[in-house]
Amino acid sequence: MPKFSPPISQVGEFVVHSTDGLARQGTLSTAHGDIQTPIFMPVGTQGSVKALSPHDLEEINTQIILGNTYHLYLRPGDELIKRRGGLHQFMRWEKPILTDSGGFQVFSLKDIRKISEQGVEFRSYLDGSKHFFSPEKAVEIQQNLGSDIIMVLDECVGYGADKDYTQKSLERTTRWAARCREFHPKGHNSQLLFGIIQGGFFKDLRELSLAQLQEIDFDGLAIGGLSVGESTAEMYDILHHIAPLMPKDKPRYLMGVGTPLDILEGIEAGVDMFDCVLPTRNARNGTLFTSQGKINIKRAEFREDDSPLDPNCSCYTCRNFSKAYLRHLYTAGEILSYRLNTLHNLAFFLDTVAKARKAIKEQNFSQLKASYQDIFKARA
RNA sequence: GGUGGGGUUCCCGAGUGGCCAAAGGGAACAGACUGUAAAUCUGUCGGCGUACGCCUUCGGAGGUUCAAAUCCUCCCCCCACCA
C-alpha cells in the first residue's frame with residue numbers, strides 16, 4: 001500500500017481558511033504553486049518588475065507577479081516568448097504569474113485605440129503600427145505567455161463616463177468575457193481565467209455586471225475600473241458595495257489598487273488579491289512607504305540622517321543603509337537607488353498583506369487597519 | 001608687448017537702448033504618481049508685499065539718454081593666437 005499522502009490541491013482550487021468579518025484568509029492553487037491570500041502582486045509589465053531581479057523578488061517573499069499582454073505582445077512578442085518556453089522560463093521566475101489582458105491599455109492609451117464589438121484596435125506607441133485585440137486574441141497571447149492566471153479582455157472605463165455608455169460598455173465587456181471563456185475552457189492548459197466586473201460608479205450597473213459574469217464559469221472574478229480618477233470615497237463606496245456580493249468560493253481581485261490603506265480597505269471588504277504600480281513607480285520617484293508613513297527620500301531633511309529608512313522593516317535596504325545614503329543615491333541618479341527603493345517599497349506592501357493574513361487568523365484585522373490609518377491618514 | 005574675444009541673477013548660458021528681475025538648461029527646494037507609453041511629470045527658484053507695485057541686480061567707477069545688461073570713457077580681471 002502506498003503511504004498516505006495529503007491530497008494534492010487542484011489547480012484553480014480556492015480554499016478559505018479563516019475569516020474576520022468580511023475579510024478572508026485563503027489559499028489559491030495555481031500551476032506554479034499556491035498563493036496565500038490576501039496577497040499583493042508586484043507589477044512586472046514587460047517581463048520584469050522594474051529594477052529588481054527574480055532573486056530580489058524571492059527575498060521579499062513575492063508570491064506572484066503580473067505581466068502585461070499588450071506590452072509583451074508588442075515586444076518581444078508572445079510567439080517569441082512561447083518559443084523560449086513561456087514567460088516563466090524566459091524571465092526565470094518560477095512562481096505564479098498573472099497577466100493583464102490589455103484592458104487597462106484600453107483606458108490608458110485611449111487616444112491611440114478604437115473599440116468595436118469585435119475588439120480593440122491599438123496603434124503601437126513604439127512604431128505606430130496597428131494591432132487588433134479580439135477577446136480571443138488577448139487570451140491566445142496569454143496562453144502563449146503561459147501565465148497562471150489569464151484576465152479576460154475588458155474595457156476599463158475612465159472616471160466621468162455617463163451611465164448609458166457605462167452600461168453599453170459593461171455589457172460588451174460581458175460578451176467579450178463569454179468569448180474568452182469559450183476560447184479558453186475551464187482547466188485548459190492549467191491556466192485559470194478571471195472575469196472582470198465593470199459598471200463604473202453606478203452600483204446597479206456593478207450588480208448587473210456581476211450578475212452577467214456569474215452566468216459564466218470563471219476561476220475568479222476581478223473588480224476593474226476603480227482608481228481611474230475618482231475620489232477615495234467614491235472608490236470605497238463601490239468597493240464596499242460590490243465585493244461582498246461576489247462569489248465567496250472564488251478568489252476576488254481588485255485590479256490596480258492601491259495604497260496600503262486602499263489595500264486594507266479592500267481586504268476588509270473581502271478582496272483577496274491586489275496589484276498596483278504604486279510601490280514600484282513611487283520607489284523610482286523617491287516616495288517610500290514606511291511604518292512611519294510616507295517618506296520623500298529626496299527631501300533636504302535627510303541629508304545627514306543616519307537612521308534606517310524604516311526601523312521596523314527587515315528588508316535588505318533597511319538592514320544596511322541610512323536615509324542619508326539613500327537620499328544621496330536618489331539625488332545622484334544612481335541605478336542602485338531604484339533597486340533599493342523598489343525592494344523596500346515592495347517589502348513594505350508584502351509585509352502589509354502578510355500582517356493582514358495573520359490578523360485575519362487572529363481575528364484582529366480591524367486593529368491592524370486602524371494602526372495603518374494612524375500612520376498614513378495624518379500625512380494625507 | 002601686440003591682436004582678437006570675453007566678464008549676465010548659485011552654475012552654464014541667451015540677451016546688444018524701452019516689451020528685462022532678464023530666454024533656455026543645470027543645480028537647489030517642494031509636490032504628484034493607484035490592472036506602468038512614467039528612472040516620469042508639475043510648481044517655486046533676487047528681496048518685500050495678497051495684489052496693482054516698490055526696491056536691489058548684469059566685473060568696477062563715471063557719463064550720454066525721458067529710459068542702459070545693452071551706447072561712451074577710464075580702470076580691474078579672464079581666454080585665444082601672435083611675438
Closest to the A:Cys156 side chain, choosing from B:C29, B:U36, B:G35: B:G35

Identified ring-ring contact (aromatic ring centres under 6.0 Å, His included) partner of A:His131 from the options A:Tyr73, A:Tyr70, A:Phe122, A:Tyr125: A:Tyr73

Check against side chain to side chain donor-acceptor pair (under 3.5 Å), A:His184 and A:Asn189: CA-CA 9 Å; A:His184 187 92; A:Asn189 215 13; over 6 Å; no

Complement of B:A80, any strand, by Watson-Crick or G-U distances under 3.5 angstrom: B:U3

Below 4.0 Å: OP1/OP2 of B:A37 and any side-chain N or O of A:Gln105: yes

Got a list of protein N/O to nucleotides 39-43 of chain B N/O distances below 3.5 Å?
unit_1, atom_1, unit_2, atom_2, d
B:A39, OP2, A:Arg284, NH1, 2.3
B:A39, O2', A:Tyr338, OH, 2.2
B:U40, N3, A:Asn285, OD1, 3.4
B:U40, O4, A:Asn285, OD1, 3.2

N or O in side chain of A:Thr45 less than 4.0 angstrom from B:U36 OP1/OP2: yes

Under 4.0 angstrom between A:Asn282 side-chain N/O and B:A32 OP1 or OP2: no

Pair partner, B:U56 [Watson-Crick or wobble, under 3.5 Å]: none

Carboxylate-amine/guanidinium contact A:Glu268 A:Lys369, below 4.0 Å: yes

Pairwise 5' ranking along RNA chain B for A:Gly67 and A:Glu301, keeping only the more 5' one: A:Glu301

Donor-acceptor pair present, A:Asp154 side chain and B:G35 base, under 3.5 Å: yes

Atom P, compared across B:U16 and B:G6: separation rounded to whole Å: 13 Å

Candidate nucleotides B:U36, B:U34, B:A37, ranked by approach to the side chain of A:Asp100 - the nearest: B:U36

B:U73 - base-pair partner by Watson-Crick or wobble geometry, distances under 3.5 Å: B:A61

Under 3.5 Å on both distances, the Watson-Crick or G-U partner of B:U44: B:A28

Inter- and intrachain pairs under ring pair (Phe, Tyr, Trp, His ring centres under 6.0 Å), touching residues 135-158 of chain A, at least two apart: none

B:A67 versus B:A14 - spacing of their P atoms, nearest Å: 30 Å

Centroid-centroid distance, A:Phe40 to A:Phe349, less than 6.0 Å: yes

Donor-acceptor pair present, A:Ser108 side chain and B:U36 base, under 3.5 Å: no

Sugar-phosphate only, base, or nothing, as touched by A:Leu126 at under 4.0 Å among non-hydrogen atoms: nothing

Sidechain N-carboxylate O distance under 4.0 Å for A:Glu362, A:Lys358: yes

Ion pair check, A:Asp164 and A:Lys168, cut-off under 4.0 Å: yes

Distance between C1' atoms of B:G43 and B:C77 (Å, rounded): 39 Å

